[in-house]
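In this chain, numbering begins with 1 at the start of the sequence shown. Worth saying up front: this structure is predicted, and the values here are computed from it rather than measured.
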Amino acid sequence: MLEKEGFDAWAAEYDRNVRETDEASGYPFAGYDALMSWLRQEITADTGSCGSYMDVGVGTGKLAGELYDVGIPVCGIDFSEKMLEEAARRMPEARLICHDFSQGLPQELEDERFDVIVCTYAIHHLDEKQKISLIKQMLSRLETGGRLYIGDVAFATGKELEACREAAGRDWDEEESYPVAEEIAAQLPENGFPQMHFRRFSFCAGVMWWKKEN
């Protein structure tokens, strides 16, 4: 699992590395562009309904930058200063916060609510307890009618994860903790939490999402 220094060093080449792996249909980024394109379409289908957007683990700002370009206000969080520097080049007026989200969301955002919250290719760096804690916190920061999307190397079932592990072979990263929708849903009882939905984009890419009805 990469630490902050590793992401700082990777920042300048991150987008190119991801693109090349996706184009080769290789683990862990096969389906990345399709996943990001779907998210962009979901969020911009009615731009009037997205007056506030938070990106947790914003990285270089690939998705956030496309939303920024159509006038959606962006708040981005990342623990890598170099990643945020890349994001700032794309979005010079975005609100970018250097913060380690393994400790939860920044205290300065405690009283803020968002129409859309997105976390892509980031939550797998957290252990299971941290994942559930962060998801609950993000859900609590949604406006009524707001949506939370988590896109990652993610699976509907443990069986799908094991199939991906086998397909990846030696490339499989045992240090990462990839989210499994059925396991996360079991820890978010229906009473008090919106229903989870899942969409798959490749053998290793998926999106979990929720809509806060009230």
Side-chain angles (χ1 to χ4, degrees), residues 1-43 55-66 78-80 83 86 101-102 117-135 138 147-188 195-210:
M1 184 180 296
L2 283 179
E3 301 293 340
K4 174 182 178 297
E5 292 75 16
F7 279 100
D8 283 347
W10 195 11
E13 299 297 323
Y14 180 83
D15 288 341
R16 181 178 64 82
N17 292 162
V18 170
R19 183 178 65 253
E20 290 175 350
T21 305
D22 186 11
E23 289 174 350
S25 297
Y27 161 87
F29 292 118
Y32 178 93
D33 189 60
L35 184 157
M36 291 295 196
S37 294
W38 181 81
L39 284 174
R40 182 180 65 251
Q41 291 168 7
E42 280 280 301
I43 296 165
D55 198 311
V56 180
V58 67
T60 62
K62 176 178 171 55
L63 174 62
E66 294 174 347
D78 207 283
F79 76 160
S80 166
M83 287 283 189
E86 295 293 325
F101 61 83
S102 70
I117 300 176
V118 167
C119 181
T120 55
Y121 290 86
I123 206 167
H124 63 262
H125 297 301
L126 307 184
D127 63 31
E128 294 308 306
K129 184 177 180 180
Q130 290 171 328
K131 280 190 188 71
I132 298 301
S133 177
L134 181 63
I135 290 170
M138 291 190 292
R147 292 158 288 160
L148 167 63
Y149 298 94
I150 297 177
D152 211 313
V153 178
F155 308 94
T157 66
K159 186 176 181 180
E160 287 184 2
L161 182 148
E162 291 304 323
C164 182
R165 186 199 302 267
E166 183 176 346
R170 293 181 180 179
D171 292 332
W172 183 261
D173 191 340
E174 295 288 353
E175 293 186 356
E176 306 293 14
S177 177
Y178 298 123
V180 176
E182 65 178 4
E183 296 174 2
I184 289 175
Q187 298 183 68
L188 296 172
Q195 179 184 1
M196 176 199 287
H197 306 271
F198 182 83
R199 184 181 177 104
R200 189 171 183 174
F201 292 87
S202 77
F203 73 100
C204 62
V207 171
M208 297 175 288
W209 62 277
W210 300 257

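Minimum interatomic distance between Val58 and Ala64 (heavy atoms only, all atoms of both residues): CG2-CB, 3.8 Å. Minimum interatomic distance between Arg40 and Glu66 (heavy atoms only, all atoms of both residues): NH1-OE1, 2.8 Å. Residues Ser102 and Gln130 come closest through the heavy atom pair O-NE2, 3.7 Å. Nearest heavy-atom pair, Val56 versus Ala122, reported as atom, atom and distance to 0.1 Å: O-CB, 4.2 Å. Between Ala181 and Phe198, the shortest heavy-atom distance links the atoms CB-CD1, 3.9 Å. Ala30 approaches Ser25 most closely through the heavy-atom pair CB-C, 3.6 Å.
Annotation: the span from Leu39 atom CG to Arg199 atom CZ amounts to 10.0 Å, rounded to 0.5 Å. Residue Met138 holds its CE atom at 8.5 Å from CZ of Phe101, rounded to the nearest 0.5 Å. Here the CD atom belonging to Glu162 is positioned 9.5 Å from the OG1 atom belonging to Thr157, to the nearest 0.5 angstrom. For the atom pair Ile150 CD1 and Trp209 CH2, the distance stands at 13.5 Å (nearest 0.5 Å). Considering CD1 of Ile117 and CD1 of Ile135, their distance stands at 11.5 Å, rounded to 0.5 Å. For the atom pair Asp22 CG and Asp33 CG, the distance stands at 6.0 Å (nearest 0.5 Å).
Qualifying side-chain contact (heavy atoms from CB on, under 4.5 Å) partners for Glu174, counting only residues two or more places apart in sequence or in other chains: Arg165, Trp172. Remark: Phe201 engages Trp38 in a ring-ring contact (aromatic ring centres under 6.0 Å, His included) (not counting sequence neighbours). For Glu183, the side-chain contact (heavy atoms from CB on, under 4.5 Å) partners are Val180, not counting sequence neighbours.
Ring orientation note: the planes of His124 and Tyr178 are tilted relative to one another, at an angle of 30° to 60°.
A donor-acceptor pair is defined here as one N or O able to donate and one able to accept, closer than 3.5 Å; no such pair exists between the side chain of Lys62 and the backbone of Met36. In this structure a side-chain-to-backbone donor-acceptor pair under 3.5 Å is missing from Tyr121 to Gly57. In this structure a side-chain-to-backbone donor-acceptor pair under 3.5 Å is missing from Asp152 to Ala154. The backbone N or O of Phe29 sits nowhere less than 3.5 Å from a side-chain atom of Thr21 that would complete a donor-acceptor pair.
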Problem set entry | Derivation and outcome, side chain to side chain contact (heavy atoms under 4.5 Å, CB included), residues His197 and Met208 | CA-CA 6 Å; His197 306 271; Met208 297 175 288; over 6 Å; no
